[in-house]
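Take a look at the structure below.
One is the number of the first residue; the rest follow in order along the sequence.
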Amino acid sequence: MDVSAAERAVTARHLRRVWALPGTLLGRSGWPASTGQRVHWHWNYWWQAHLLDTLADAQLRAPSPARLALIRGFVRSVRLRNFGRWTNDYYDDIAWLGLALQRVSSWGIDVGPALAAIDAQLLSGWTPAAGGGIWWRRGDDFKNAPANGPAAIFHARSGNLPRARAMTDWLSSTLVDPASGLVWDGIRASTGELVKHIYTYCQGVYLGACLELSEMDNAARTVRAVAEHCAPGGVIRGQGGGDGGLFAAILARYLALAARALPGPEAATARTLVLTSADACWSGAASTPEGPLFSAFWDRPAPAPPLPDDAPERDLSVQVGGWMLLEAAATLSP
């Protein structure tokens, strides 16, 4: 595996100026890009948050003044493309951007106003409906793990442990299947209907929240459940393109943290899941002039370019997901 090659490939294929403005950069949502993607009309706010987070991974792995300058420009570009605002109506989206901004703030990048805006909106999303938790988006009736998990991690890292613990407790009592240990998607507040879809995304964010709060028993149970139900043959299950292209990588990020934090045998299980998935992802990548093109499903090879219009491998989410997985694996190397 060559994580540097993954970084070069994703950045070369996807990073472009916003509206041709100097000093700006965001990831084009597709490759080859459509007309709308070339001008960042379809820019996918939360995909950009994960691209920024993965750039932070790379900067921690191999510090570089050039990459740090890129990160500074990227942060400015998010606000520019979002028409002068840091937030949108989706609580999960803004939590992901908040987590990425928390990390880059350690490099002297002024993100204080952004973090304050995100924190205020996440705090405002909490209501007693369905027993607590925050909404998936403003004006909605749905509360889910994809919003509450990253928001709990954000609050824990910002020092608001009471809110982080309240969110994680709500997830544990409302969305964790007592039989399997897996995390369901969400609940409709008006009816109490549980939406019991199983997404790798939900397992990852709950695992991350438990780790932040040192809830090691719950974290270990989640690793066991993932190994049993979400990783056939030891490779984390893919969930296609679009938003699903990031789901498995989000789980891999927090499994890598679990591998370094858990005290029991589940640490080795988490490590094996990440490394086995990374080996499969790397060996199944297709070749392009820019570097590897990752499959949307790590247990099968990526198609060779030229890609059909409906190929999930065109999506920025899929390619950032593959790179994020390799960055996670790199943290576990001897």
Side-chain angles (χ1 to χ4, degrees), residues 1 3 49-50 53-54 56-61 95-96 98-106 145-146 148-173 175-176 180-183 199-231 234-236 246-279 321 323-334:
M1 290 182 290
V3 66
H50 283 286
D53 215 10
T54 310
D57 290 337
Q59 186 65 8
L60 288 169
R61 169 179 50 81
W96 285 121
L99 288 171
L101 293 176
Q102 283 177 327
R103 297 181 75 200
V104 305
S105 66
S106 65
N148 283 271
I153 299 169
F154 174 86
H155 288 311
R157 292 180 181 176
S158 63
N160 189 347
L161 295 179
R163 177 52 59 89
R165 192 167 300 282
M167 291 180 131
T168 307
D169 288 348
W170 178 82
L171 286 166
S172 298
S173 62
L175 297 183
V176 174
S180 68
L182 293 172
V183 183
Y199 297 120
T200 47
Y201 181 169
C202 299
Q203 318 316 309
V205 296
Y206 178 69
L207 174 60
C210 291
L211 291 171
E212 289 295 329
L213 295 168
S214 298
E215 294 187 4
M216 296 309 188
D217 289 345
N218 287 342
R221 181 194 62 215
T222 304
V223 171
R224 294 193 300 269
V226 164
E228 182 175 356
H229 300 287
C230 299
V235 178
I236 301 169
L246 282 163
F247 287 10
I250 289 168
L251 174 55
R253 176 183 291 283
Y254 294 105
L255 283 169
L257 293 177
R260 302 195 301 275
L262 289 177
E266 290 82 8
T269 301
R271 176 187 176 88
T272 298
L273 287 168
V274 173
L275 295 180
T276 302
S277 298
D279 284 339
W323 174 21
M324 188 191 308
L325 168 66
L326 296 188
E327 292 285 0
T331 68
L332 303 178
S333 298

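- The minimum heavy-atom distance between Ala145 and Val183, with the atom names listed, is CB-CG1, 4.0 Å.
- Taken from CG in Leu275 to CG in Leu325, the straight-line distance is 9.0 Å, to the nearest 0.5 Å.
- Taking all atoms of both residues into account, the shortest heavy-atom contact from Ala95 to Ala151 is CB-N, 3.7 Å.
- Here the shortest heavy-atom pairing between Leu332 and Ala259 reads CD2-CB, 3.9 Å.
- Tyr206 contributes atom OH, which lies 7.5 Å from atom OG1 of Thr168 (distance to the nearest 0.5 angstrom).
- Take Phe154 and apply the ring-ring contact (aromatic ring centres under 6.0 Å, His included) test, not counting sequence neighbours, and it matches no residue.
- Ser180 meets the side chain to side chain donor-acceptor pair (under 3.5 Å) test with Asp177; sequence neighbours excluded.
- Between His229 and Val226, the closest side-chain pair of non-hydrogen atoms is not below 4.5 Å.
- Residues satisfying the side chain to side chain donor-acceptor pair (under 3.5 Å) test with Thr200, not counting sequence neighbours, are Gln239.
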Exercise for review: Step by step, work out the side-chain contact (heavy atoms from CB on, under 4.5 Å) result for Met324 and Leu246.
Suggested key: CA-CA 9 Å; Met324 188 191 308; Leu246 282 163; 3.9 Å; yes

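- Separation of atoms OG1 (Thr331) and CG (Leu326) is listed at 11.0 Å; rounding is to 0.5 Å.
- Taken from SG in Cys230 to CG in Leu182, the straight-line distance is 5.0 Å, to the nearest 0.5 Å.
- Under the 3.5 Å distance criterion, the side-chain polar atoms of Ser158 are matched with a main-chain donor or acceptor of His155.
- Rounding to the nearest 0.5 Å gives a distance of 4.5 Å between CG of Leu251 and CD1 of Ile236.
- Aromatic ring orientation, Tyr201 versus Trp96: tilted (interplanar angle from 30° to 60°).
- Scanning both residues, Ala252 and Val274, for their nearest heavy atoms gives O-CG2, 3.7 Å.
- The salt bridge (charged side-chain N to carboxylate O under 4.0 Å, His left out) check on Asp53 picks up Arg103, Arg253, with sequence neighbours excluded.
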Practice item. Would you sort out whether Thr222 and Tyr254 count as a side-chain contact (heavy atoms from CB on, under 4.5 Å), showing the intermediate values? Key: CA-CA 11 Å; Thr222 304; Tyr254 294 105; over 6 Å; no

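- Side-chain contact between Thr54 and Asp57: present, with at least one pair of heavy atoms (C-beta onward) separated by less than 4.5 Å.
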Could you pull out every donor-acceptor pair under 3.5 Å between side chains of residues 207-217 and any protein atom, sequence neighbours left out?
from   : atom 1 : to     : atom 2 : distance (Å)
Glu212 : OE2    : Arg157 : NE     : 2.9
Glu212 : OE2    : Arg157 : NH2    : 3.0
Glu215 : OE1    : Asn218 : ND2    : 3.1
Glu215 : OE2    : Arg165 : NH1    : 3.3

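- Residue pairs meeting the salt bridge (charged side-chain N to carboxylate O under 4.0 Å, His left out) criterion with at least one member in residues 265-274, sequence neighbours excluded: Arg224-Glu266.
- The shortest non-hydrogen separation linking Val223 to Ala270 is CG1-N, 4.0 Å.
- Counting all heavy atoms, side chain and backbone alike, Met1 lies closest to Ala329 at CE-CB, 4.5 Å.
- The structure places CD1 of Ile250 at 3.5 Å from NE2 of His50, a figure rounded to the nearest 0.5 Å.
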